[in-house]
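Quick caveat: nothing in here was measured; it's all calculated off a predicted structure. Chain A is the first sequence line, chain B the second, and so forth, proteins listed ahead of strands; every chain is numbered from 1.
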Protein chains: 2
Amino acid sequence: MSKSSAITYSIGELAKEFDITTRSIRFYEDQQLIHPTRKGQTRIYNQRDKVRLKLILRGKRLGFSLAETGRLFELYDADKSSATQLNTIMELIAQKKSDLSQQLEDIKAVLIELTGLEANCKEALAQIEK
Amino acid sequence: MSKSSAITYSIGELAKEFDITTRSIRFYEDQQLIHPTRKGQTRIYNQRDKVRLKLILRGKRLGFSLAETGRLFELYDADKSSATQLNTIMELIAQKKSDLSQQLEDIKAVLIELTGLEANCKEALAQIEK
DNA sequence: CATGAAGTTTACGTAAACGTAAACTTTTTT
DNA sequence: AAAAAAGTTTACGTTTACGTAAACTTCATG
């Protein structure tokens, strides 16, 4: 059972939806992060491409380079039939998880500091307005 | 009451401690993020400079540009005597907090996905080894 | 049918964050 | 004092992630 006539998107639709330029989308393709099909010259994006775009943008917000995001995609797509392969993958996952946990801590710390600074400002403001 | 003979550091010490190059440290100075004093030609870093370096590196881990980190420093140093100034600062803080909260969510999402993928791999491995 | 909107390729430009190197001075160590 | 280690300035090079532009094709439509 295969799906027929699935939902597709044009480059312009995606650009608008994600608020990025078409140039960016083509660039991601150039970097092998997405692989739209073609209808003649025109690029046709499917659901999978759209999801990947979303992941790319989330990666960007986290400071991932496109290459890094690409490596994550590889992890998802990787051939899971070899035990040594699997172990390699799991090491990479563990490393990424560790990095992200560090980031999580960093963010929490900054949030705390900013909240402190905010309180500080509020106080100063109260003083001025008294 | 002022402190005398405070602890200072050489550029090499800091480079080693933070595992970055001296080039980077000079670059941060060039970008006005730190302001070491001089003893003749040689740069002398104090405790404050060291803390800032740490903050710069944490910012980098969070994907902050140097300019952004610089703006955060300005928030800390800002003149808190003007009410309009204070309000501007608090807006910036609120914006940053909002951005960071988004990042926090992003990270949590990726961590969950990675954990899922990890479980997925473990299962595949178990299958192979049976 | 022409015209405007959307798409395409090709290619050069740019900003950020350093790397690398040259050429020199200062400081420390032997 | 000679050599090694650490520091300095100046300047060009590099990578990443697109921006911008030119010049062209395809498609919808008034």
Please report the distance, rounded to the nearest Å, between CD in B/Gln31 and P in C/dA17. 7 Å

Are a donor atom and an acceptor atom from the side chains of A/Glu13 and A/Tyr45 found within less than 3.5 Å of each other? no

Report all interatomic pairs (protein N or O, nucleotide N or O of nucleotides 20-24 of chain C) with separations under 3.5 Å.
{"from": "C/dT20", "atom 1": "O4", "to": "B/Arg23", "atom 2": "NE", "distance (Å)": "2.9"}

Would you verify whether the NZ or CZ of B/Lys96 falls within 45 degrees of the ring axis of B/Phe64 while also being under 6.0 Å from that six-membered ring's centre? yes

Passing candidate, side chain to side chain donor-acceptor pair (under 3.5 Å) with B/Asp106, options A/Lys60, A/Gln103, A/Arg58, A/Arg61: A/Arg61

Taking atom CD of A/Glu123 as the centre, does the number of heavy atoms from other residues, nucleotides or ligands within less than 6.0 Å exceed 12? no

Nearest nucleotide by nearest heavy atom, which residue falls closer to the 5' end of DNA chain D, A/Lys60 or A/Lys39? A/Lys60

Nearest-Å distance for atom pair CG/C1', residues A/Leu33 and D/dA17: 12 Å

Going from CG on A/Leu125 to CG on A/Asn120, what distance comes out if it is rounded to the nearest 0.5 angstrom? 11.5 Å

Short side-chain N/O contact from B/Tyr28 to OP1 or OP2 of C/dA17, under 4.0 Å: no

Can you tell me the distance, in whole Å, between the CG atom of A/Asp19 and the P atom of D/dG19? 11 Å

Measure the distance from CD1 on B/Ile25 to P on C/dC18 and round it to the nearest whole Å. 11 Å

When you compare the protein's N or O atoms with those of nucleotides 7-9 of chain D, which come within less than 3.5 Å of each other, and at what distance?
{"from": "D/dG7", "atom 1": "OP1", "to": "B/Ser10", "atom 2": "OG", "distance (Å)": "3.1"}
{"from": "D/dG7", "atom 1": "OP1", "to": "B/Gly12", "atom 2": "N", "distance (Å)": "3.0"}
{"from": "D/dT8", "atom 1": "OP1", "to": "B/Arg43", "atom 2": "N", "distance (Å)": "2.7"}
{"from": "D/dT8", "atom 1": "OP1", "to": "B/Arg43", "atom 2": "NH1", "distance (Å)": "3.2"}
{"from": "D/dT8", "atom 1": "OP2", "to": "B/Arg26", "atom 2": "NE", "distance (Å)": "3.0"}
{"from": "D/dT8", "atom 1": "OP2", "to": "B/Arg26", "atom 2": "NH2", "distance (Å)": "2.9"}
{"from": "D/dT8", "atom 1": "O5'", "to": "B/Arg43", "atom 2": "NH1", "distance (Å)": "3.2"}
{"from": "D/dT9", "atom 1": "OP1", "to": "B/Arg38", "atom 2": "NH1", "distance (Å)": "3.3"}
{"from": "D/dT9", "atom 1": "OP1", "to": "B/Arg38", "atom 2": "NH2", "distance (Å)": "3.2"}
{"from": "D/dT9", "atom 1": "OP2", "to": "B/Arg43", "atom 2": "NH1", "distance (Å)": "2.8"}
{"from": "D/dT9", "atom 1": "OP2", "to": "B/Arg43", "atom 2": "NH2", "distance (Å)": "2.7"}

Check the distance between D/dG13's P and B/Phe27's CZ and give it to me in whole angstrom. 17 Å

Under 3.5 Å, side chain of A/Asn87 to main-chain N/O of A/Ala83, donor-acceptor pair present? yes

Rounded distance [0.5 Å steps], NE2 in B/His35 versus CG in B/Asp49: 8.5 Å

Distance-only side-chain donor-acceptor flag, A/Glu17 / A/Tyr9, under 3.5 Å: no

